[in-house]
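Residue indices begin at 1 and follow the sequence shown. Scope of the values below: all heavy atoms of this structure, side chains included, with no hydrogens, waters or symmetry mates.
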Amino acid sequence: MKKKKEKETHIYDDSVGTMADVEAVMKKYDRESNTRIWEGVPKRVIHYLMAAFAIYCIIDAIFLTTLQEVRYSVFMGMIILLGFLTFPVKKGYERVNYMPWYDILIMIIGSGAYFFYSANAMTVIRLSARIMANPMYMVIGLIGILALVELCRRCVGLPILCVAGVLVIYTLAIGISPQQLIRTLFYTANGIFSTPVGVCVKFIVIFIIFGAFLERTGVADFFIRFANAAVGRFSGGPAKVAVVASALEGMASGSSVANTVGSGSITIPMMKRMGYRPEFAAAVEAAASTGGQIMPPIMGAAAFLMAEFTGIPYGRIAVMAILPAVLYFTGIFIAVHLEAKKMGLEGIPKEDLPKPKELVKEIYLLLPLIALIYLVGTNTYTMAYSATLSILVAMIVGVIHKIIPHIGLTKEGEEEEEKGEKPSLSFSWIMDAFENGSRSSITVVVACGIAGIISGCITVTGLASILLGTIVALSHGFVIIALLLTMLCCIVLGMGVPTTANYCIMAGVCAPILIALNVEPVAAHFFVFYFGIVADITPPVALAAYAGSAIAKSDPMRTGLVATKLAIAAFIVPYVFALNPAMLFVNVESVFEIVQICITALFGIFGIAAALNGYLARPLNIATRIIMAVAGLLMVVPGTITDLIGLVTLVLVFVYEYGMKKKSEIKTA
C-alpha cells in the first residue's frame, strides 16, 4: 500500500528541490511578495484589518449607495493605509515587527488626505474649479498623489511611474498650472478616481477575493493533477501538463508571475527530468501562465475594465474571449508536441499519474467556478452580487474539503490516520482567504490609480488626439500598419507595467485610434488587451519568463525569446479578430463563418509553429520552413482564397514530409 502511494506522488517529488527557492523567486520578480515581516500581536492585528477591509469591499459594492466621491476616497484611503503596512521602503527588508517613523508618517498623512476628501466631498463638489484657489485643498491633494506614487514604487515598480512622470512633466510644460493638474488628478473623476478605480470598487476587488478563496479550496492542485491525468502520458507529457494546468488555473487567476512560479515550481523540474532543455521548460510555463490572463471566466482584472470601457456586459466579454484563448493555448500545445517529437521525449509513466477515480472524488472543487459562470451568464444579478454568491459557494466547498479527510475519503486523510495524526478542522482559512484577497488587491488598485493619473494627463493635454493624427498619418489609412504600430506601443508600454494599468492606458489612447480606422470597437479593445499581456514574456523585461528561468536555472534572455516563439499565437490571433471580428462572435452571418475562421486559424497556427520549431515528421530545411510559415500566414489572413492556397500548401508539405519519413524508415529497415 505504501509503495503504491509513493508511486502515485512521484510526479510531484521534483518540486521538493525548488520549493525552498519559490519565495525568493517571487520576491525578485513579483513586487507583491516583498512585504514586511510581522509576528505575534502586530501580525494578528494586520490580519484582521485586511480581512475587515475585504468584508467592507463586499458590503460597499452590494449595499452602499452613498456619494461616489465619498466611497472612492474612503476606499483609496484604506488602500494607502494597508499598503504602507504591507510594503517596506525597499527590497530585502527583513526586520521583524519594525516600521520606521517616516513610513508611519507617510501612511498617516497619505491616507489622511483621502479621508479628508471623503469628509469634505460636498464642499469639493460645491466649489468645483474654485477649489484651486484654496491652498489647503491643493496641499492635501498633492500629498494624496505623492503617497500613491510612493506606494506604487514599492508594490508595482518604476516603469509605470516613468510613464506617468513624463506625462506630468509634459502637461506642466504645455502651460497647465500645477493647481489645475492637482484638481484634475485628485478632485475630479478624470484622475485617480476615474473608471479604473471605480471598477475596482464595484467588483474587481471582490473577484480577487473570490480567487483567494478558490486558491484556499485546493482547486489549483486539482487542476495540476487533472492535467497530469489527461495529457501526462503522451509524448512530452510534463510540458503538455504545464499548458493544460496553466489554462485551467488561468480561469481563476490573473497574475503571470504568480502562475509561473506557483505551477512552475512543480512542472518545470518535471520537464527537465523528462529531457527538455531548461530554457524550453521555463518558456513553456511562462507562456502558458501568461495566457491565463486571457482565459475566461476571470481573465484577470482587465476583463472587467473592458466591460466598463466598452459598455458590453462582462458575460458577453467572457464568451467573446473563448475562441482566441483556445487558439492561444492550442498554439503552445502544438509547439510543445513538435518539440517533444523532435527530441524523442516520452510521457510520464502511467503508474506515476493520478488515478481518475481520485480526481472524480474532488470534482466538487469546481462548484465555485460553475456557480460564477452560471450567475454571470444569467444577467439576473450584478457582477458584485454574483461574485459574492460564488464566494459563499467557495466557503462551503472549502469546508467540505476540510471535513472529508476526517471521514477517510481522501488519500491525505488516510495518510494522516496511518501516522497517528488527526486531520485538522479549522475555519481560520476563511479569514486567511479574506486577508489574501485584500493583500492581492493592493497592487491592482494602486496600478489602476496611477493609470488614472496617466489618463488624466492625456485628457487634459489632448495627447490622444495628437497620437491619433500621428498614427493615421504614418499608416496612410492602412489598418494593418496601424495595428502594427499599436502592437509596438502596447508591448513597449507593457514592459514592467501591470496588465490592468497597461490596458487602461491603451484603452484610452490606442483603442480609439483603431476604432477611428473602422476596426470593430470590441475587437480594438481585445487587440490592445492581448498585446499588453504578451509584454510579460517579451524581452527585454519579460517578468514571467525571468521568473520561470529562475526556477529552471536557465538563461533569462534566451528563455524570454523561446517563450515569445511559443506564444506566437498571441501575436497572430489579435490580427485575425481585428480584421475579422467573427472570431469574437461579432457581426457573424452564419455558424459556418465561425467554423471556417477557427479551423483556418488553427491550421495556420500549426503551420507557423512547425516553421518556427523546424520539425514536422522530420527536421525541416530552411526552404520548407519558409513555405510553411507563408502558408500558415495565408490561412490566418481572413479570406477564402488565401485560406485555400494556404491549406493546399500545408497539405502538400505534410504529405511530402511524412512520405519522405516513411521512405527513410523503409531504407533503414
Are F309 and F529, when compared by the centres of their aromatic rings, separated by less than 6.0 Å?
no

Can you run down the ring-ring contact (aromatic ring centres under 6.0 Å, His included) pairs that involve residues 63-83, sequence neighbours left out, and say none if there aren't any?
F53-F75

Measure centre to centre between the rings of F186 and Y114, then say whether the value is under 6.0 Å.
yes

Can you list the residues that meet the ring pair (Phe, Tyr, Trp, His ring centres under 6.0 Å) rule with Y385, with sequence neighbours excluded?
Y381

Please name the residue in the list F527, Y530, Y328 that meets the ring pair (Phe, Tyr, Trp, His ring centres under 6.0 Å) test with F577.
Y530

Please tell me if the side chains of Y117 and I140 come closer than 4.5 Å, counting only heavy atoms from C-beta onward.
no

Please examine the side chains of P296 and V319, heavy atoms only from C-beta on, and report whether any two atoms are closer than 4.5 Å.
no

Taking all heavy atoms of I537 and all of A563, pick out the closest pair and write down the distance.
CD1-O, 3.8 Å

What class does the angle between the rings of F207 and F203 fall in, given that below 30° is parallel, 30 to 60° is tilted and above 60° is perpendicular?
perpendicular

Beyond-backbone contact of Y575 with I480, side-chain heavy atoms, under 4.5 angstrom:
yes

For this output row, return yes or no: ring centroids of Y187 and F193 closer than 6.0 angstrom.
no

Report yes if some heavy atom in the side chain of T35 is under 4.5 Å from a heavy atom in the side chain of F87; otherwise report no.
yes

Closest non-hydrogen atom pair between S194 and G452, with its separation
OG-CA, 3.5 Å

Below 4.5 Å, heavy atoms only, C-beta onward: do R439 and M50 meet side chain to side chain?
yes

Just to verify, what does A482 make a side-chain contact (heavy atoms from CB on, under 4.5 Å) with, not counting sequence neighbours?
I471, S475, L514, L517

Flag the pair V522 / I317 as yes when at least one side-chain heavy-atom distance between them is below 4.5 Å, and no otherwise.
yes

Measure across T171 and I174 and return the closest heavy-atom pair with its distance rounded to 0.1 Å.
O-CG1, 3.2 Å

Least distance between heavy atoms, I176 atom then L181 atom
CG2-N, 4.2 Å

Heavy atoms of V74 and F115 approach each other most closely as O-CE2, 3.7 Å

